Every structure is written in C-alpha cells, then in structure tokens.
Amino acid sequence: MADSIIVGRFIGKEALAAVSASFFIYYFLISLVIGIGSGTTVVVSQYFGAREYKKVQQAFSSFFIFMLIAGIFLSIAGIIFAEEVFRFTNTPPEVLPDAVRYFRIYIGGTFLFVTFNSVISILRGMGESFRPMIFILISAILNIALDLLFILGFGCGIEGAARATILAQGIAMCISLAYVNNTHPLLSIKKEDMTFHFELFYKSLKIGLPTSVQQCAIAIGLIALLRIVNDFGTDTLTAYGAAGKIDTIFTQAILTLSGALAAFTGQNIGAGRMDRVKNGVRCSMAVNLVLGICVFGSVYFWGDKMISVFTTDPNVIQIGRDYLFVLEAFFVVHGALNIFNGVLRGAGDTFVPMLVSLLSLWLIRIPLASWLSNYYGTNGIWWSIGISIGIGCIIIYIYYKTGHWKKKAIIKMQSEK
C-alpha cells in the first residue's frame, strides 16, 4: 500500500497501474509456497496442541528449508519471464515498461519474503501472534521510510519502490530469524537443528497441496479477471489496483481472523476440545459482523476520499469508489466464508475449500464478469466478484454443517488416546 500511495502521488497513475498489475502476477508465483505454508501451520498447531514439541521443531526446519529453495527458484523464474507474462495479460502499452522494471526487482527478493513468511506462519500455528505483528510492523515502517528515501531523496522512480520493499522484508526476516534462533524455546535454525524430515513435510504437503492448487487457481483467475479489467484501459486498471489495496486492508482483518481460527482449531483438536472450536466459530462470527458494519459504513461515507489518497484523477476515483461500495457490501459474507474455511483448514480438511474456491471462481466469477461487463461496464465486474463470494459461502456452510471435517485430524485427539 505504501508503494502504491507514494508511486501514485509522486510518479503518476501509469506507475501506479504498473504496481497494481505486478501484484496479481506476483501472487500467482508465490501461491504454491503459500499453500504449503498453510499445511505446515496445521501440522505444527496440532502437534503443539498435543505437546509433541520435538515434531514441532522438525516440521519447522523442513518447511524453512523448502521455502528457501522455492523462493530462490521463483526469483529466477520471475526475472526471466516477466515481460512475457505482462504481455499475456494485455497490460496497456504505456504501463508495460514500468511494470516489467518494477516486477523484476520485486520478484528478485522473493526468497526473503517466503522465508520471512515461514517464520511468521509457524509462530502463528503455535498461537503466538504478538511478535509476528511486531516483525511485520517493523517491515511496514521500514518500507514507507525507504520508499520516501529512494523515490523522493534519490529519484530512483518505480525501481526505488521495489528496492525499498525487498530491503524492508530482508531486514524484518533477519530480525525474526534472530528471535527464533536465540530466544524461542521450541524453534531453532542452528545448523544441528536444520534437518529435512520427509515424513512430516509429506503431511504438510498432503494438507497444504489442495490449498496451493486453490491459491494458484485463484491467482490465475485474478489474472483472467485482470485481462477483462485491462480491456477498459489505464484508468480502470489504476482504480482496480488502488481500490484493491484498500479492500486488501479490510479483507486482511477477516483473513487474519480465519488464520487465528485455523490455529485455534488445530490446537483444540489436538487437545480433544471440540467444544472450544464451536465457541470459536460463534465468537468469530460476532467479530465479523461488527467489522462488516464498520467497513461498509466507512466506505459509504468516505470511499472517494480513500481512493484520493492514491491519485487525484476524478475518473479513477469514481471507478475505485464503485469497486469499494460493491465489494464491501459483501464483507460479512466474505468473512463468514473465511471463518468456515479457517475451521476446515485447522482440522486438516483443505480439499473442500479448494473445490469450492475453484467452482465459485471459474464457473461463476470469470464467466459472470465477462457477461455483466458487456452490459454494466466495470460495475459488472465488481458485482461478479460479490456474487461468486456469496455462492461459495452458501456451499461451504452446508459442508461445515455436515461435520465431516471433524474426521480429518492428522493425529488422534487426546480424548481418544
């Protein structure tokens, strides 16, 4: 978000559009490792709940080694194929050069991002959320400061924004690694502790692979949606990116709630306390409802002012406001969908959320966006997103009520032992 605001204000809307287009391509490339990370979080949370601490360290070291290697591979692939990917998505010609330059630098630091994320994911799986918050806060503050330094101080342009981001993530990664290596009682990245345990990684892979497929399919769907957005020109792409950043801030609240509930579910299944899982769902729904009312109210009254933080172009502001108004009308529904997904992931049931995401995206959102945009313009695209979320929520709720997900735990519950 810092990149987008500073780039949009001090370089121009074409540069902002380049940052926006880069996000969706980057999201696709890291989707695989994100999914594996979610599987490892489930494995760690359940072993932690069952007090099998040696396996917690073994799962962490296996995951960390995988993430480091995968991050290096993705960095190389992204640098090589950057321009071809942007041409495939019909990126407007006036945006393409900036997008390629920004993306190649940004993707070069992927190994820093994924290793940082691996530490954060494992800590959250153990129920530790305060320190990950501090590490990410450090990264965000550094990112903003370095953005201003490189763009305004050194005149580095859009490349400066990319360098600022990867440098900030690298520093935060070093701090987080220093914490787990020297302070945390259960985790270590010392040479003698860093061994790859195939059996535990296979369990993480088995749980996380459906999520990886889900994330990749979602990312490809976002790219397909990006092609539809790009057909409406630079203003729409700019608004889509700016409003999307704001929506990401709002959505992060429910994604974090979902992630917390996944770890909570995994630990309590490991401890044999299914009653706490049900209470967790009820509390999460209450939080979701309060958040939904606050978010929609803020967009209704101040949506245009939110977009104007990124740009002063009136057409971009209007398109962005329409996007926010439609999407945040579905906020509570989106939150409910993620809450049910969090419970299922925590129990180790990741196949059904993957299937529901694929169906709602590819059978509903993309075809509906293509059709509605012909009649209602850009608003048709935004409504297709909301409608697909609503249908996905209905399907996942029905599955949740069946209770089949309770049989997916990777270890026997303590009560059964």
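A quick note: this is a predicted structure, and the numbers were derived from the prediction, not measured.
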Practice item. Tell me, please, which residues at least two apart from Asn315 pass side chain to side chain donor-acceptor pair (under 3.5 Å). Key: Asp235

Revision key, fill the gap. Here the ring-ring contact (aromatic ring centres under 6.0 Å, His included) pairs for residues 74-101, sequence neighbours left out, are Phe86-Phe103

Point to revise | Whether Phe64 and Phe60 hold their rings parallel, tilted or perpendicular, with breakpoints at 30° and 60° | key: tilted

Exercise for review: Write out all pairs satisfying salt bridge (charged side-chain N to carboxylate O under 4.0 Å, His left out) with one or both partners inside residues 238-259, taking only residues at least two apart or from two chains.
Suggested key: none

Review point. According to the interplanar angle, ranging from 0 to 90°, do the rings of Phe113 and Tyr26 count as parallel (below 30°), tilted (30 to 60°) or perpendicular (above 60°)?
Key: perpendicular

Review point. With Ser357, which residues qualify under side chain to side chain donor-acceptor pair (under 3.5 Å), at least two apart?
Key: Gln214

Practice item. Mind jotting down which residue pairs meet the salt bridge (charged side-chain N to carboxylate O under 4.0 Å, His left out) criterion with at least one end in residues 297-317? Sequence neighbours excluded, please. Key: Lys13-Asp313

Revision key, fill the gap. Quick note, side-chain hydrogen bond (donor to acceptor under 3.5 Å, both in side chains) partners involving residues 165-175, not counting sequence neighbours, are Asp3-Thr165, Asn143-Thr165

Practice item. Using the test side chain to side chain donor-acceptor pair (under 3.5 Å), find all partners of Glu128 that sit at least two apart in sequence or belong to another chain. Key: Arg131, Tyr179, His184

Practice item. Using the salt bridge (charged side-chain N to carboxylate O under 4.0 Å, His left out) rule, collect all pairs that involve residues 60-85, keeping only residues at least two apart or in two chains. Key: Glu83-Arg87

Point to revise | Residues in ring-ring contact (aromatic ring centres under 6.0 Å, His included) contact with Phe310, at least two apart in sequence or another chain | key: none

Review point. What residue pairs, at least two apart or across chains, pass side-chain hydrogen bond (donor to acceptor under 3.5 Å, both in side chains) with a residue in residues 359-376?
Key: Arg365-Ser388

Review point. Among pairs that include at least one residue of residues 107-124, which meet side-chain hydrogen bond (donor to acceptor under 3.5 Å, both in side chains), considering only residues two or more places apart or in two chains?
Key: none

**Study point:** Inter- and intrachain pairs under salt bridge (charged side-chain N to carboxylate O under 4.0 Å, His left out), touching residues 151-180, at least two apart
**Key:** Arg101-Glu159

